Amino acid sequence: MSEKASRRDFVKTAAAGIVGFGLGAGVGYGASQMMAPPPGVARTVTVTQTAAAKPPKGVPKEPIKIGIASWFTGPSTMVGEACLGGAQFAADEINKAGGILGRKIEVLKRDIGTPDVTVEAVRRYVLEDKVDLMAGDTGGSNANAIVPHIEQLKTPFFFQCSTTVKEVEELNPNPLYVFRTGEQNLAEPNVAAQIIAREFPNATKIAGINPDYVYGREAMMYSMMALNKLAPNMKSVLETWPALNATDFSSHITAVLAAKPDVVITACWGGDFVTLAKQATAYGLFKETNVVSILGAMALNSLTKDIVPPGVWMLHRDYYFMAPAPNLYPLNKWFVTEYRKRTNKYPEFDVMQVFSGIFAYKQAIERVYAATGSYPENDEICRAIQNSQVVSPAGHRVITSDGQFINALPYGKTMHHADYPIAILDPKTVGFIQPETVYNPKSLPPVLQYPLGTGMKYSDWIATW
Amino acid sequence: MKLYHVVALVAGLVLASLLPLILPKYYTFIFAVTMCFAIYALGYSIILGRTGLLSFGHALYLGVAAYTVAFLMRPEMGAFRIFSMELLLIIAIGTSALVGLGVGAICIRYTRIFFGLINLGFVMLWHSLLLKLYYVTGGTDGLPIYIPSLFGVTFSHEIFRTFIFYYYVLGIFAITTYIMWRIYNSPLGLALKAIRENSVRAEFVGIPIGRYRLAAYVISAIYAGIGGALWAPLNGHVSPDVSTWLTSGDVVLMNILGGMYTFTGPIVGAFIFYNLKVQIMHFTTYWSFILGISAIIFVLLFPGGVMGWVSKVMPKLVKKSYRQKA
Amino acid sequence: MDTSTAVIIILNGLFYAFSLFLISIGLNMLYGLMRILNIAHGGLYAIGAFSTWALMNAATKAGYPIYVLWLCIPAGAFVVGLIGFFLEPTLFRRLYKLREEYSLLATFGLMLVFDDVLRMIFGGSPLSANQLYNWVGVETILGNAYPMYNFVIYVFAASVALGLWAFFYRTKMGRILRGTAQDREMSTCLGVNASILYTQTFFLTIFIVGLGGAIYLPATSAYSGMGFEPIVLSFAVMIIGGLGSLKGALVAASIIGLVRAFGIALIPELELAVVFLILIITLIFRPRGLFGKKFTREEK
Amino acid sequence: MGIQSDAKIGEKILQTEGLKKYFGEVRAVDHVDLEVSEGEILSIIGPNGSGKTTLLNLISNMIEPDAGRIFFYGRDVTKWPPSRLAKMGLVRSFQIVNLFDGLSVLDNMRAAVTSKLGRTSKPFTSLDRDKEVTRTSIELLELFKLSDKAETLAGDVPHGDRKVLDVALCFALNPKLILLDEPTSGVSTSEKRPVMQRIEEAVRKGGVTAVIVEHDMDIVFGYSDRIIAMHEGKILAEGKPQEIRENEEVRKVVTGGL
């Protein structure tokens, strides 16, 4: 499509989105935010006008560099590709519209691996490549490792879904440069618990198949912690820990089946979930019991019908390409269509998160520039992002004072549909868990805080249910 | 030591100490890291190049030292937290030497593939322990490493990483290199070479091969320990994957690349390996492809490694000793 | 746990064990004959899986019937053999002469190359082709659902083991191989043409490992880096079982597989660690492995 | 065994008791009782496979005996590692040359000499600065006429010299008892005698005892004080060269029509 057209579309759809998301996504928060104009869009328009004219003064000529730090090798490569896809998508859209205050965006990618490798990658981005911001889904371990260094290096980093409870509560309680465009990892187990409590009131025996590292262990721990509150009758009967990137889950599945649980929680993701699901089908896990997948959705485009049967409950973090419903929320429709044009894939939540993160960054710069007339430093930009809002294909986002993007979390039960090569969520089952029941209240803006006590540990908070 | 050695050494040191003033910050950091690996590789060469034992698990000692440092810095240590680099270094050397002694005592009963694989076994065991003991080692997270004090002075993380620590590492690098030089030119050095060339005959001329192999093993463990202890604060974080059989492969490659039968070889190898890695990873994610290709090429075409190929006398010697003895 | 579960767990243990067996037996033969520890074997295993995936994918797209998919498995192994056909003269033949460190390093490099090339071609996402897996279907064994495809693998691995046994103990070449694995000089004593023997063995081993990768694909999935874990565990199998011992490889693989399977069921905490513990303990108390022969002074 | 017998062994430098080694069915060494007295040159002869080399291998603990014991200066050394035997003065050369091929001839010698002087464990002293070692090594090389090849790699020198070096290494350890396994095999006929002369010279001068396994009968009868003929792992005959030469059995199985 031509530049003009796309720009107009984007603006139109985005504007329409404000109406759309209310109905479609139904992210619940205060009317005050509802009234607020969608800043992302407003700025896009203004830039559109200035773009043609000479670049505004006081703005550096050189392009803005975005460093994507994620996996581009190994079994999790799909994750890195999703992040890169989202960044490239955002960059192209912004560049078409004249860039950020006339500065074009340039996307770099660097492979990460283990925590120490990742730390090095990040440091190199800042010290050598002189990037302006970084983004990427790094996994919990890496996130925990690099967060302190990001604060030291004074360069914004937009995490997707990699931030563990440990990071939020211990390593970096008052972040300035760290942003979490996805929800904290602690949110998902909570959502899983709420789904189980709601959908399987009669269940008593819970089992787990979770990757053997900090994320997997936290996922199971907090799921049970929340369940003990929501449905005290449910007990964990067996927890198995396959290694990350395992190829053979048959033993774990058999062990779980032997325990005859009512519900199985699994936080296996990426390639692991694909292999697990396939073997689970063969061993009749999906027939014998109910499966709730916390993060399987990460491999969205690999979840073909022969791998994922109907009737599996799946969380989609904070974005699912069919929720907010495209027909009700044109911005999402536009987003999915465009992304499929680019990559022939359905956008995973990583794509959307990087995308909206970059728009939040753009909008912050433009706001500060409009106010002060001078191009902002990193710390100014980050402060401007905190406590701001952005319109994303997943709906309107509130960004808290500690850099958390506040989302409603979509979930649903899988079904097979002729129009889709992959297993999709049955629209009738799709629901949203509202932020105020998901996040540590400390990270919520006052209007969402519940209970009103702040500085409360997540576990303590669950204990108050 | 001959005159040109001294000249080369002095020139090298002067040049090295000027580097941070001319190089961009990032490369000062990179070179500091490189020197840590150079120490590690140099230490490894005494077991591979000198004694003729191929270990596929020396990253174990890198990891042991790095985790020792990380552990001593943990807040949980309370009053016992240590931030003095000197003290950390000494303790790290101690631990890696101890582990080296214990593991070595078992390993040196084997040679050839068995030696390589039992080392591999140990490093993987250590690796899986690091993963499992979440509350001690931080599991896959690994542990953060804070900025240590150098001779009682603490610096900001930027000065530390991109300037001052470079000189600290350089100093230790110079010392360790000199010590290794002495070892190589000592009777022990000759005895080890004899063992490499023909362990049977070595035993029949009265060299107790077992004890000397162990000695060489422990020395290499200590050097790996020093490398690891210095690398840890530079990198600022340590995670279990410092010690896997794959990372153990790196040091073997450094030695082969540089030339494992020459003294300077391992050092040169470390420099080539690490900087090549840094540069290549800059523009492609297919680093291991290039690494693999170069490994094959070197094995087939320059088995003497860069230095073996460069130097005039060595190639003959090298050619002699890498061929399998019929 | 009840017996029915135990049965399933044992079956699972074997399922895992046979993959290790198929890899390690090749390693074992190559090392026994030419003193090359072929780390690239893991890569060949991966290639077997990926090429089979490509073929099956194409076949399904073209709408071929199911038996064509079955043919894809040997075809995938054939691709591996083809690669070997180029590698043997260009690379491996040169390695025979080198010292172990060097050949080891070359194959290590080759492993890295394989892994990256596969990633270049097939990308990072895991690829699965489970048409056959589903076609064979699921039956209930003692009340538990169990994928019948696993039995295809059991039968296959068993027949490979039998075939190799016949080969080792009933054919001249086999006897020579066994002999040389025990004593390198023997081959020359018997006046066999070493280079031909090497080439034949090389192809035999990589074909087996290729088949291994191919036949496991429908049950698992192919992804970049898949070769590394099995190869390390195969080292363990090779050492625990003892060099040049078919029986050893089979037994050791089964031990690791079963210990792992029961470990997961009973003490989920320990998994990988136990394998290397077994390896080290074996090496300490029985350096030559369960069925290996004693070292001579030269080997010490 | 009692005290007196111990004392009796003392006069002998080496004694074996019922030394036995079977390889499957093959009786390589079959209960051999051997006595070597100080200062003599003892040759062991016999057809191939009669167990000569195996006997040497057993004495030097290259291989472990199935049964029997070995006494060196009256001390039971059956289980001693070769390195310890070498320190004690029991050394051997090899039938198939066995050198440090990758090292220069000089370094081969220096390795032996440092080991003799018990300095191999010194990690920091400079080897080149150690005058004594270098001097001794050069002297030995001169004694065995190898000094001109000092700098070349042992693997590169001609086979004759390699053989000599192999023997020379033994003398570097200034041994009490030296086991020579076919010291002249593969040495050109013109070289054989010089080699043996050097050995004899060294033996006579240094008061060394030598046990030699040799095929070349001229050499054997030329240089030995005493000869032992072996057959199928057993000692067939023993005595002065003259007696052995006239011994019918020996003539039949070993020396052939000589």
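Below, chain A is the first sequence line, B the second, and so on; all start at residue 1. The figures that follow rest on heavy atoms only: side chains count, while hydrogens, waters and symmetry mates do not. Computed from a predicted structure; not experimentally measured.
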ask   = Where do Tyr40(B) and His58(B) come nearest, in terms of heavy atoms and distance?
value =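 Between these two residues, the closest heavy atoms are OH-C, 3.4 Å.
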
ask   = Within the side chain of Thr205(C), is there an N or O that forms a donor-acceptor pair under 3.5 Å with the backbone of Thr201(C)?
value =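 Answer holds: yes.
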
Flag, side chain of Thr247(B) to backbone of Val242(B), donor-acceptor distance under 3.5 Å =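 At least one qualifying donor-acceptor pair exists.
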
inquiry  = Can a donor-acceptor pair be found, under 3.5 Å and without considering hydrogens, that links the side chain of Asp116(C) to the backbone of Leu112(C)?
reply    =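 Checked: no pair found.
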
task = Select all residues of residues 103-110 of chain C having any heavy atom within less than 4.5 Å of some heavy atom of chain B, and report them by number, or 'none'.
result =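 So far as heavy atoms go, Leu104(C), Leu105(C), Ala106(C), Phe108(C), Gly109(C), Leu110(C) are the residues that approach chain B to under 4.5 Å.
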
ask   = Looking at Gly116(B), Gly292(B), Gly249(B), which one has more heavy-atom pairs under 4.5 Å with chain C than the rest?
value =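 Option with the top pair count is Gly292(B).
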
ask   = Non-hydrogen atoms of chain B under 4.5 Å away: do they reach the side chain of Ile231(C), the backbone, both or neither?
value =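 Contact with chain B: side chain only.
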
task = Please check if any side-chain donor atom of Ser45(B) sits under 3.5 Å from a side-chain acceptor atom of Tyr184(B), or the reverse.
result =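 Note: Ser45(B) and Tyr184(B) side chains meet the donor-acceptor criterion.
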
ask   = Of the backbone (N, CA, C, O) and the side chain (C-beta and beyond), which part of Phe114(C) lies under 4.5 Å from a heavy atom of chain B, both, or neither?
value =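 When you check distances to chain B, no heavy atom of Phe114(C) falls under 4.5 Å.
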
query = Between Phe276(C) and Leu233(C), what is the shortest heavy-atom contact and its length?
reply =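 Taking Phe276(C) first and Leu233(C) second, the nearest heavy atoms are CZ-CD2, 4.3 Å.
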
Which pairs of donor and acceptor atoms, one on a side chain in residues 236-243 of chain C, lie under 3.5 Å apart (sequence neighbours left out)?
none

inquiry  = For Met111(C), which atoms come within 4.5 Å of any heavy atom of chain B: side chain, backbone, both, or neither?
reply    =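 Neither the backbone nor the side chain of Met111(C) comes within 4.5 Å of chain B.
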
request  = Output the option from Ile106(B), Ile256(B), Ile293(B) having the highest count of non-hydrogen pairs under 4.5 Å with chain C.
outcome  =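 Highest number of pairs under 4.5 Å: Ile256(B).
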
request  = Could you check which of Ile290(B), Leu253(B), Ile118(B), Leu117(B) has the highest count of heavy-atom pairs closer than 4.5 Å to chain C?
outcome  =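 Looking at each option in turn, the highest pair count goes to Leu117(B).
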
message = Could you check whether any side-chain N or O of Tyr217(B) sits under 3.5 Å from a backbone N or O of Leu53(B), counting only pairs where one atom can act as donor and the other as acceptor?
response =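 Looks like no, no N/O pair under 3.5 Å.
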
ask   = chain C heavy atoms under 4.5 Å from Leu48(B): which part of the residue, side chain, backbone, both or neither?
value =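 Just the side chain, heavy atoms under 4.5 Å.
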
ask   = Any sub-3.5 Å donor-acceptor pair from Ser288(B)'s side-chain atoms to Leu291(B)'s backbone N or O?
value =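 No: the side chain of Ser288(B) does not pair with the backbone of Leu291(B).
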
ask   = Which answer fits Phe122(B), side chain, backbone, both or neither, if we ask what part of it has an atom under 4.5 Å from a heavy atom of chain C?
value =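 Both backbone and side chain.
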
query = Is a donor on one side and an acceptor on the other found under 3.5 Å between the side chain of His127(B) and the backbone of Pro240(B)?
reply =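 Judged by distance alone, yes, a pair lies under 3.5 Å.
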
